[in-house]
Participant: 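Just passing along the structure, written as structure tokens.
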Amino acid sequence: MTRNASAPFDRDDLADPASAARALLGAHLVRISNRNVRKARIVETEAYWEEDPASHSFGGVTARTRIMFGPPGSAYVYRIHRVLCLNVVVGPEGRGEAVLLRAIEPIAGIAEMEVARASQTVGAREPRGVALTNGPGKLCQALDVTMDWYGTDLIEGRSLGQNGRLVLEARPPADFIRVGRSPRIGVSKAKEEMMRFYIKGNPWVSPRKGDE
DNA sequence: ATGTCGATTCCCT
DNA sequence: GGGAATCGACATA
């Protein structure tokens, strides 16, 4: 028995989008590079399901979305405006389902996250505190998630050459959470669907009206 | 070849 | 709470 024992994330918890989005709350996202280890707790997610008009997979496979139809646990990284966003592919292979990681709470390697954010952010201001990781684009900057990670398996988290490793770990058993739910952010279709999930009261959850 | 449109972020009022 | 930045994906021709 070691202290700080970490268990792998259970791939079976990615069986369907809504329950996967819940299951990923409290799980840890770990970024290991040659120089440092950055660790964070997932505090906000959104589910995108088969036949969801707001999903990138709606309308079928394209070069950009092909990994959404791949095995659950795969990373789907895409560019929007100036930034990248990270998704976990979920559901049975071939359905095009995924969970968007919208916000994380830094646990370790915070100084390294600040450096990574400052070097990639467009504004002149240096991101600190909750602004470090309280959005889907921000968390990718903080963890140096690039398109190189497209298609990598986040459960096994195998190392990607010089880039290191990006891996999910199970929520620690002692970390009890209360889950809140709301419509998704920024989508123009299926607006009313309550498919955004977040840890109630967590400061890193992206600020939205109606949240606790 | 050209036009439209974001699963966003930042800065300003 | 509003608008600009900014660029690749995708649709249309």
Side-chain angles (χ1 to χ4, degrees), chain A residues 14 16-18 20-22 24-25 29 40 42-70 72 74-91 95-106 113-151 154 180-199 203-211:
Chain A
L14 303 179
D16 78 89
R22 284 176 175 277
L24 283 162
L25 292 177
L29 185 59
I42 297 170
V43 300
E44 181 182 345
T45 58
E46 277 179 2
Y48 291 83
W49 59 94
E50 189 178 36
E51 301 297 306
D52 172 8
S55 175
H56 291 166
S57 62
F58 189 76
V61 182
T62 66
R64 172 208 193 196
T65 62
R66 70 180 191 283
I67 196 59
M68 292 186 78
F69 297 85
S74 304
Y76 167 45
V77 185
Y78 69 89
R79 184 180 192 111
I80 176 71
H81 295 276
R82 306 171 283 205
V83 297
L84 300 181
C85 295
L86 173 65
N87 295 245
V88 181
V89 175
V90 304
R95 297 186 72 160
E97 299 178 327
V99 172
L100 170 68
L101 271 29
R102 284 199 56 90
I104 58 177
E105 172 184 352
M113 293 186 200
E114 289 173 346
V115 170
R117 279 275 284 131
S119 68
Q120 295 172 70
T121 194
V122 171
R125 223 175 262 174
E126 305 208 335
R128 292 278 186 279
V130 296
L132 195 55
T133 54
N134 67 346
K138 297 175 190 179
L139 72 88
C140 284
Q141 292 182 343
L143 297 181
D144 286 308
V145 174
T146 62
M147 288 305 293
D148 294 333
W149 296 96
Y150 186 99
L154 298 172
R181 193 168 179 172
S182 83
R184 295 175 293 183
I185 307 295
V187 297
S188 58
K189 296 173 181 171
K191 285 180 175 176
E192 70 290 351
E193 294 282 355
M194 302 284 279
M195 284 296 179
R196 169 173 172 261
F197 300 87
Y198 57 92
I199 294 180
W204 277 267
V205 172
S206 64
R208 289 298 181 279
K209 194 171 157 188
D211 295 355

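All values below were derived from every heavy atom in this structure, side-chain atoms included, with hydrogens, water molecules and symmetry-related copies excluded. Keep in mind that this is a model prediction, so the values were computed, not measured. Naming convention: chains lettered A, B, ... in sequence-line order (proteins, then strands); numbering from 1 in each chain.
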Participant: Distance check needed: dT8(B) C1' versus Arg117(A) CZ, whole Å only.
Facilitator: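 One finds 11 Å between C1' of dT8(B) and CZ of Arg117(A), rounded.
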Participant: Using atom P of each nucleotide, how far apart are dT6(C) and dT2(B) to the nearest Å?
Facilitator: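 Pairwise P distance, dT6(C) against dT2(B), rounds to 22 Å.
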Participant: Which distance, rounded to the nearest 0.5 Å, do you find between the OG of Ser55(A) and the CE of Met195(A)?
Facilitator: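 The CE atom of Met195(A) is 12.0 Å from OG of Ser55(A), to the nearest 0.5 Å.
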Participant: Distance check needed: dC7(C) C1' versus Leu84(A) CG, whole Å only.
Facilitator: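 These atoms are roughly 12 Å apart.
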Participant: What is the distance, to the nearest angstrom, from the CZ atom on Arg196(A) to the P atom on dT8(B)?
Facilitator: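 From Arg196(A) CZ to dT8(B) P: 11 Å.
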Participant: For dC10(B), does either OP1 or OP2 sit under 4.0 Å from a side-chain N or O belonging to Lys138(A)?
Facilitator: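 Checking Lys138(A) against dC10(B): at least one side-chain N or O falls below 4.0 Å of OP1 or OP2.
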Participant: Nearest whole angstrom, please: distance from the P of dA4(C) to the NE2 of His81(A).
Facilitator: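 In whole Å, dA4(C) P and His81(A) NE2 are 13 Å from each other.
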Participant: Closer than 4.0 Å, any side-chain N/O of Thr121(A) to the OP1 or OP2 of dT9(B)?
Facilitator: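 No, Thr121(A) has no side-chain N/O under 4.0 Å of OP1/OP2 on dT9(B).
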Participant: Report the distance from atom CD of Glu193(A) to atom P of dA7(B), rounded to the nearest whole Å.
Facilitator: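 The answer, rounded to whole Å, is 16 Å.
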Participant: Flag the pair Glu126(A) and Arg128(A) as a salt bridge only when some basic side-chain nitrogen lies within less than 4.0 angstrom of an acidic carboxylate oxygen.
Facilitator: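 Salt bridge: yes.
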Participant: Taking atom types as they are modelled, is there a donor-acceptor pair under 3.5 Å from the base of dT6(C) to the side chain of Arg82(A)?
Facilitator: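 No, the side chain and the base share no sub-3.5 Å donor-acceptor pair.
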Participant: Across the strands shown, which category fits Val187(A) at heavy-atom distances under 4.0 angstrom: base, sugar-phosphate, nothing?
Facilitator: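 Counting heavy atoms under 4.0 Å across all strands, the contact made by Val187(A) is with sugar-phosphate only.
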Participant: Hey, is the main chain of Ile104(A) close enough, under 3.5 Å, to the side chain of Thr133(A) for a donor-acceptor pair?
Facilitator: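 Side chain of Thr133(A) to backbone of Ile104(A): a pair is present.
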Participant: Please give, in whole Å, the distance from dA7(B) P to Tyr198(A) OH?
Facilitator: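 Distance, rounded to whole Å: 22 Å.
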Participant: State which of dT9(B), dC10(C), dA5(C) makes the closest approach to the side chain of Val83(A).
Facilitator: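 The answer is dT9(B).
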Participant: Please tell me which of the listed nucleotides, dC10(C), dC7(C), dT8(B), lies nearest to the side chain of Thr65(A)?
Facilitator: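 Nearest nucleotide to the side chain: dC10(C).
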Participant: Is the Lys NZ or Arg CZ of Arg184(A) less than 6.0 Å from the centre of Phe197(A)'s six-membered ring, within 45° of the axis?
Facilitator: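 No, Arg184(A) does not lie over the aromatic ring of Phe197(A).
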Participant: Taking 4.0 Å as the cut-off, does a side-chain nitrogen or oxygen of Ser55(A) come that near to OP1 or OP2 on dA7(B)?
Facilitator: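 No, outside the criterion.
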Participant: Given the structure, check if the side chain of Tyr78(A) and the base of dA7(B) hold any donor-acceptor pair shorter than 3.5 Å.
Facilitator: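 Answer is yes: a donor-acceptor pair is held.
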Participant: State whether His56(A) places a side-chain N or O below 4.0 Å from either non-bridging phosphate oxygen (OP1 or OP2) of dA7(B).
Facilitator: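 His56(A) to dA7(B) OP1/OP2: side-chain N or O found under 4.0 Å.
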Participant: Nearest-Å distance, CD (Gln120(A)) to C1' (dC10(B))?
Facilitator: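 After rounding, the gap between these two atoms is 15 Å.
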Participant: Do Asn134(A) and Glu105(A) have side-chain atoms, one donor and one acceptor, less than 3.5 Å apart?
Facilitator: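 No, no side-chain donor-acceptor pair sits under 3.5 Å.
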Participant: Mind checking who dT6(C) pairs with, Watson-Crick or G-U wobble, both distances under 3.5 Å?
Facilitator: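 Pair assignment: dT6(C) / none.
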Participant: Check whether any side-chain nitrogen or oxygen of Arg79(A) sits under 4.0 Å from OP1 or OP2 of dT9(B), and answer yes or no.
Facilitator: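 So the side-chain polar atoms of Arg79(A) never come under 4.0 Å of the phosphate oxygens OP1 or OP2 of dT9(B).
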Participant: In whole Å, what is the span from the CD1 atom of Ile80(A) to the P atom of dA4(C)?
Facilitator: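 Nearest whole value for this atom pair: 17 Å.
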Participant: Roughly how far, to the nearest 0.5 Å, is the CZ atom of Arg102(A) from the OG1 atom of Thr45(A)?
Facilitator: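 Rounded to the nearest 0.5 Å, the OG1-CZ separation comes to 10.0 Å.
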Participant: Using Watson-Crick or G-U wobble geometry with both distances below 3.5 Å, tell me the partner of dA7(B), or none.
Facilitator: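 Matched dA7(B) with nothing under the 3.5 Å cut-off.
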